[in-house]
There are 2 protein chains.
Amino acid sequence: MSVQERKQRERAERERLIVATARELAEQQGWDAVTTRRLAERIEYSQPVLYSHFRGKREIIGAVALEGATEMAVAMRAATSSANGPRERVTALARAYLDFAARNPAVYDALFQLDGGLAYAQEDTPEPLKDAFAALMETLSEVAGDGVDPGLFTEVFWASLHGLATLTRTGRLLPEHAEPRIQLLVDRLAKP
Amino acid sequence: MSVQERKQRERAERERLIVATARELAEQQGWDAVTTRRLAERIEYSQPVLYSHFRGKREIIGAVALEGATEMAVAMRAATSSANGPRERVTALARAYLDFAARNPAVYDALFQLDGGLAYAQEDTPEPLKDAFAALMETLSEVAGDGVDPGLFTEVFWASLHGLATLTRTGRLLPEHAEPRIQLLVDRLAKP
DNA sequence: GGGAGATCCTAGCACCGCTAGACAATCGAG
DNA sequence: CTCGATTGTCTAGCGGTGCTAGGATCTCCC
């Protein structure tokens, strides 16, 4: 049995290598540069090996997205846990969110811009995605305001952050006034 | 001279045909389906003809984006002009924006999602883009609130709308609660 | 009418995602 | 220990992509 176990371990290790390499390449040169040929060359295997782990490029993007979702949730919880008071927590959350998007553009794209073949806002949505949304909601629920559904409020706040993140990243918004935008957004949306 | 003028007119006409066909194809089957070969076949010319009008596919996307920006500005101004009071105008504006995005997904992508090679938020930004932003600002300035820069406020509000539009379109948000989201957003962001 | 120039198309490049089929390494049964 | 079966991997290739070089044709002007 031990031999099979070792093989399985090696296989899992190689899968991690694929995802990590895809992510690295995407961060370095953008997702367009992540071709199956280049990816195969970097992991020092032939192309078909990729397809023994994933159905195709889309699933690789999905794997990077899931990894990113987990990290993002951790980053957001870390940021909010060291802030005092609901409003400060929301500000810290917003900053952490936008910071993550700016520092990991390729991962952010995999999560929210590209098609990774993942289900969103459904029962069969993968756990990491649900958890990232949950991390948002934990902090945002405190400032949703009376009579406002926390889920709805989280969606709206999230959409605003997402808009800021993507428009900034594609050059539609200049990054200079990022901080006042955050202040204004939190100031208006957060209720009490 | 008349012959040359006719030729120029025909050339301009063909250019319009290219842009219109690209847009139509993108709306029907998505931008991935807009290949230079398919596009060339639809306009009944060979591929190289496209390159005598545009540098490449990117510029064709850019042309569709500019066309869309003009239409979007018209749609937003039409929606706001028939509303009474600043708050009603803002609601109408938000609805018009999201409605345009939902009805013209390919055009919206060309504008804000894809790379059309256009400059944004700069001096050499094409006029239609500036004007679309101006259309937003006209209505939003009224509700920016005291001491808040109208430009900054417009950026934040626009980002929120953009987030709602894109997350909804890619299935990250369910379209069911679109209206309450708009209400909540306007309610919180619009000041007086 | 004939040469010059504009106009357009055929053919092809390098690359893409993805896969069939050959080959080699490894395993388990006798 | 040997030998067939299974597993794993690679080479080669398919149909597609954006884009372009070079030749053919057509039109205009002298």
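Keep in mind that what you see is a predicted model, and the values were worked out from it rather than measured. Just so we're on the same page: letters track the sequence lines, and every chain starts at 1.
Rounded to a whole Å, the CD atom of A:Glu44 is 18 Å from the C1' atom of D:dG8. Here D:dC19 presents its P atom at 15 Å from NE2 of B:His53, a figure rounded to the nearest Å. Between the C1' atom of C:dC9 and the CD1 atom of B:Ile43 lies a distance of 13 Å, rounded to the nearest Å. The distance between atom CH2 of A:Trp31 and atom C1' of C:dG17, rounded to the nearest whole Å, is 15 Å. In this structure, B:Lys57 atom NZ and D:dT20 atom P are separated by 15 Å, rounded to whole Å. For the pair A:Arg37 CZ and D:dC10 P, the computed distance is 15 Å after rounding to whole Å. One can place CD of A:Gln47 at 9 Å from P of C:dC16, the figure rounded to the nearest angstrom. Remark: P of D:dT11 and OH of A:Tyr45 are 14 Å apart, rounded to the nearest angstrom.
Put simply, B:Thr36 has no side-chain N or O that comes within less than 4.0 Å of OP1 or OP2 on D:dC19.
Seen from the ring of A:Tyr108, A:Arg169 does not count as a face-on cation partner, given the 6.0 Å and 45° thresholds. For the pair A:Arg172 and B:Phe112, the cation-pi criterion (under 6.0 Å, within 45° of the ring axis) is not fulfilled.
Among the nucleotides C:dC18, D:dT17, D:dC10, the one closest to the side chain of A:Tyr51 is C:dC18. For B:Val49, taking side-chain heavy atoms from C-beta onward, the closest of the listed nucleotides C:dC9, C:dC16, D:dT9 is C:dC9.
Annotation: B:Arg11, atom CZ; neighbour count of heavy atoms from other residues, nucleotides and ligands within 6.0 Å is above 12. In the displayed structure, A:His53 atom NE2 is contacted under 6.0 Å by more than 12 heavy atoms of other residues, nucleotides or ligands.
Heavy atoms of A:Arg11 sit nowhere under 4.0 angstrom from any nucleic acid atom. Nucleic acid contact class of B:Ser46 (heavy atoms, under 4.0 Å, all strands): base. Heavy atoms of B:Arg14 sit under 4.0 angstrom from primed sugar atoms or phosphate atoms, though from no base atom.
Residue B:Arg38 is the one, among B:Arg55 and B:Arg38, whose nearest nucleotide of DNA chain D lies closer to the 5' end (criterion: closest heavy atom).
The pair A:Arg77-A:Glu71 fails the salt-bridge criterion, with no side-chain N (NZ, NE, NH1 or NH2) lying under 4.0 Å from an Asp/Glu carboxylate O.
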